[in-house]
Amino acid sequence: MSEQDEFQREFDLRWADDAEHREPSARARMLAARWKENPPQPQPFRAAPGPVAPRRSSWLSTAIVLGCVVAVILVLGYARFQAPY
C-alpha cells in the first residue's frame with residue numbers, strides 16, 4: 001500500500017465540514033424525542049427576582065476589616081516582643 005492510497009483514505013475534515021447534511025448530536029436527538037411527547041413550557045427571559053436580604057452597611061464591613069487588621073498587627077507585635085533574640 002503506497003502513501004498516496006493511505007492519504008486518500010484518511011478522513012478529510014474539509015470534506016466533512018462541506019457536507020450538506022449534518023447529523024444532530026446525541027443530546028439534540030434526546031431532547032427532540034423528549035419534547036415530541038412533552039413539549040417544554042414557555043419560560044420568561046429572566047426569572048423573577050427572589051427576596052433580597054438586607055445589605056450590610058459598607059461602614060460596618062469596613063470596620064470589621066480594619067478591626068481584623070489591627071488585631072493581626074497587635075498579635076504579631078506581641079509575638080515578636082515575647083520572642084527571645
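Position 1 is the first residue of the sequence, and the numbers go up from there.
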From the list Leu76, Val69, Val70, side-chain contact (heavy atoms from CB on, under 4.5 Å) partner of Ile73 resolves to Val69

In a table with atom names and distances, give each donor-acceptor pair under 3.5 Å that connects a side chain of residues 27-42 to protein atoms at least two apart or in another chain.
unit_1: Arg29; atom_1: NH1; unit_2: Glu23; atom_2: OE2; d: 3.1
unit_1: Arg29; atom_1: NH1; unit_2: Pro24; atom_2: O; d: 2.7

By side chain to side chain contact (heavy atoms under 4.5 Å, CB included), which residues pair with Leu66, not counting sequence neighbours?
Thr62

